[in-house]
Structures are given as structure tokens and as C-alpha cells.
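Take a look at the structure set out below.
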Amino acid sequence: MAVQHRFGNLVIPKQHDAYAGRVNDLGQDLELRLVRYFTVVAAHQHFGRAAAELHVAQPALSRQIQRLEKYLGARLLDRVPQGARLTPAGQRFLPRARALLQAARQAELTVREQAETERITIGYVEDLVITAAVRELRRRCPDAEIATRYLSCRDIGALSDKRVDALIARAPLPLAPDDVLTTPLYREPRMLVVPRGHRLADRASVTAEELAGEEAAPCAFETEDWTSYRILGAGVPPIESYEDKLELVADGRAIAVLPVGDRRSSLRPNLVTIPIEGAPPSQVVLVSRKGDTNPMIRNLRLAAKAVLAAPAV
């Protein structure tokens with residue numbers, strides 16, 4: 001028996017009795033937010049990591065996925081000891097879900113390009129606080145529509161696919177220099193983060209040369225420069241989640257090199273920060289697409305350069 005839906009002529013076999021007879025029949029439309037949640041869980045194959053990326057509680061994410069499954073009348077994900085696994089129905093739905101989100105994004109872009117109102121969506125990543133720049137931009141452009149979007153390290157592509165118009169982040173970025181216009185905003189020194197009891201924990205400072213022999217964990221992208229966040233330690237696996245990186249450090253399995261403006265490690269009483277001498281500074285930049293004619297990008301650039309500065313150490 002199959003269920004036919006109103007989007008994409010999708011047909012999903014009802015292979016799980018738990019969802020039999022529970023297909024949506026209230027005339028309600030499919031929520032894109034639930035579809036996006038599903039694609040993120042499918043990408044991570046883990047509810048906890050997906051919840052961290054989406055900035056929602058894991059129980060709430062599980063409930064939203066259950067809502068989607070109830071709407072579709074089929075289970076999409078099975079929980080397994082390693083995390084989550086797509087069911088046959090989930091495997092069929094995933095490419096259509098991604099296409100649905102892409103179509104919705106393209107429809108939004110088409111309308112925005114025709115709109116007369118000045119508007120901009122500003123992406124920002126990791127620990128950066130851009131409130132002052134957004135407030136200054138609103139002061140300079142009171143009639144403009146200004147939105148912000150938090151991005152994880154996996155979402156840098158949001159600039160190239162036009163989910164955001166500009167991006168405030170730490171260099172280097174995995175973006176082709178010929179495709180973007182980069183405006184430096186400010187620099188920050190770097191610090192070493194180690195667990196209490198580490199051999200360097202009581203030092204007033206360390207030098208970059210002292211860390212040169214430490215093995216660096218694999219980075220999400222290759223670069224000749226120092227990355228924004230460096231995890232040092234032998235045999236450390238690739239890790240994307242910032243909290244998972246700090247957990248490795250707290251557990252004594254690694255040490256970390258971070259910008260001094262990143263205060264998140266200070267929330268953990270079992271971690272110690274130490275200034276690093278001789279390390280290249282971390283550069284905070286504003287990036288936009290080359291050739292973008294949106295006048296709000298120039299306004300943002302002026303506002304950000306006027307008010308954003310390295311946090312006091």
C-alpha cells in the first residue's frame with residue numbers, strides 16, 4: 001500500500017505499522033522547518049549533533065521528526081547504537097526533501113531580487129557577536145529589512161548559494177578568492193587552552209615555537225595559514241562540534257589554540273587559558289560575493305568597520 005502526497009508526487013510505502021492510518025488528512029501544509037530538521041539529522045546520522053547544529057534541544061528535535069513522520073505516514077529514521085539510520089522511506093524522501101528546500105530557497109531569492117525594499121541577511125559564525133554592527137546598520141538605514149543568521153562551520157556555503165548576503169567570520173575561509181570580496185575588520189591574539197593539571201597550565205605564556213612539534217588534528221578544509229581553531233594532539237580524530245573539541249581538551253586528550261576573543265572556554269572551570277607569543281593573529285573579516293549589487297552590503301561594510309573591534313582582553 002502506498003501514500004501519495006501533494007508535493008513532488010512523492011510515494012512512500014507504509015512499511016511500519018506504528019504509522020499506519022496516521023497520514024495527515026487535515027489539509028495542513030508540509031512545514032519546511034520540519035523538512036530541514038530531517039535533512040540535518042540525515043546528514044549527521046545523529047540526533048545529538050544535529051540538535052547542536054540547529055540550536056534546539058535534542059528531545060524537541062526528536063518530537064519534530066516524529067511530527068514529520070506522522071504527517072508522511074512513514075518512519076524516516078531509526079535510532080541505532082551509533083546514532084540514527086535512514087529507513088527505506090527516509091532514503092527515498094531525502095533527495096526530494098533537499099530539492100524541496102532548494103526550490104523554496106530559489107523562490108525566496110526570485111522574489112527578493114524583485115523587491116524594491118532594501119534588505120540584507122547577515123551571516124555570522126562561531127562565537128562572534130555582531131550586535132553593534134547590526135544596530136549601527138539599522139541606525140544608518142532605518143527603513144531597510146535587516147536579518148541575521150547564525151551559521152555553523154558546515155554552513156560557509158550559505159554565502160555562495162545566497163542564503164546570506166554577507167558573512168562575518170574568521171579567516172581563512174574555504175572560499176575562492178576570485179569569487180568574494182573580503183574586508184578585514186580586526187585582529188585578535190591567540191591563546192592556548194589546556195586542562196587544569198597540564199604541564200603548561202601554570203605558565204604565564206607560551207611561544208608558537210613550543211607548539212610547533214604538536215600534531216594538529218585534521219581540519220574541515222585545507223589551508224596554508226593557521227585555522228581559526230586548532231586542536232593539537234596525537235591521534236585526534238576529525239571533530240566538527242566546538243563543544244566536542246572542548247571536551248577532548250578537558251579530558252586531557254588534546255590542547256587547543258583559540259582566538260582570545262572566544263570566551264566559551266572560560267565557562268568550563270576545568271580549563272586554563274594561556275597567551276601565545278609569536279603566533280599569527282586571528283583575523284575577523286566581512287565577506288560578500290563579488291559583483292553583488294545589493295547597496296546594503298556597502299552600508300554594512302561601513303557600519304561594521306565603524307563599530308566592530310577586538311574585545312578587550
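Between Asp292 and Lys162 there is no salt bridge, since none of the side-chain N atoms of the basic residue sits less than 4.0 Å from a carboxylate O of the acidic one. Using a 4.0 Å cut-off between charged nitrogen and carboxylate oxygen, Glu243 and Arg268 count as a salt-bridge pair. By the 4.0 Å N-to-carboxylate-O rule, Glu136 lies close enough to Arg139 to be salt-bridged with it.
Closest approach of Leu86 and Ala42 over heavy atoms only: CD2-CB, 4.1 Å. Across Arg36 and Leu101, no two heavy atoms sit closer than the pair CA-CD1, 3.7 Å. Here the shortest heavy-atom pairing between Ala304 and Ala133 reads CA-CB, 4.0 Å. Of all heavy-atom pairs between Arg190 and Pro281, the closest is NH2-O, 3.4 Å. Across every non-hydrogen atom of Pro184 and Gln283, the tightest pair is CB-NE2, 3.6 Å. Of all heavy-atom pairs spanning Gln58 and Gly48, the tightest one is OE1-CA, 3.4 Å.
Considering CD1 of Ile120 and CG of Leu300, their distance stands at 4.5 Å, rounded to 0.5 Å. Distance check, rounded to the nearest 0.5 Å: OG1 of Thr148 to CD1 of Ile122 gives 7.0 Å. One distance of note links NZ of Lys70 with CD1 of Ile65; it measures 15.5 Å at 0.5 Å rounding. With rounding to the nearest 0.5 Å, the separation of CZ in Arg264 from CG in Asp127 is 4.5 Å. The distance from atom CD of Gln45 to atom CD of Gln82, rounded to the nearest 0.5 Å, is 10.0 Å. Here CZ of Arg230 is found 10.0 Å from CD1 of Ile255. Values are rounded to the nearest 0.5 Å.
Side-chain N/O atoms of Arg301 and Thr183 include a donor and acceptor closer than 3.5 Å.
Between Arg140 and Asn299 the shortest side-chain heavy-atom distance does not fall below 4.5 Å. You'll find the side chain of Lys305 reaches within 4.5 Å of the side chain of Leu185, heavy atoms only. Counting heavy atoms from C-beta outward, Phe38 and Leu94 have side chains that approach closer than 4.5 Å. You'll find the side chain of Leu308 stays beyond 4.5 Å of the side chain of Leu128, heavy atoms only. In this structure the side chain of Leu159 reaches within 4.5 angstrom of the side chain of Arg289, judged on heavy atoms. A heavy-atom distance below 4.5 Å is not found between the side chains of Asp165 and Arg119. Within the 4.5 Å cutoff, side-chain heavy atoms of Leu72 are placed close to those of Phe93. With contacts defined as side-chain heavy-atom distances shorter than 4.5 Å, the pair Leu100/Leu30 qualifies.
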What side-chain donor-acceptor pairs closer than 3.5 Å can you find for residues 171-182, not counting sequence neighbours?
none

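Partners of Glu31 by side-chain hydrogen bond (donor to acceptor under 3.5 Å, both in side chains), not counting sequence neighbours, listed by chain and number: Arg33, Arg67.
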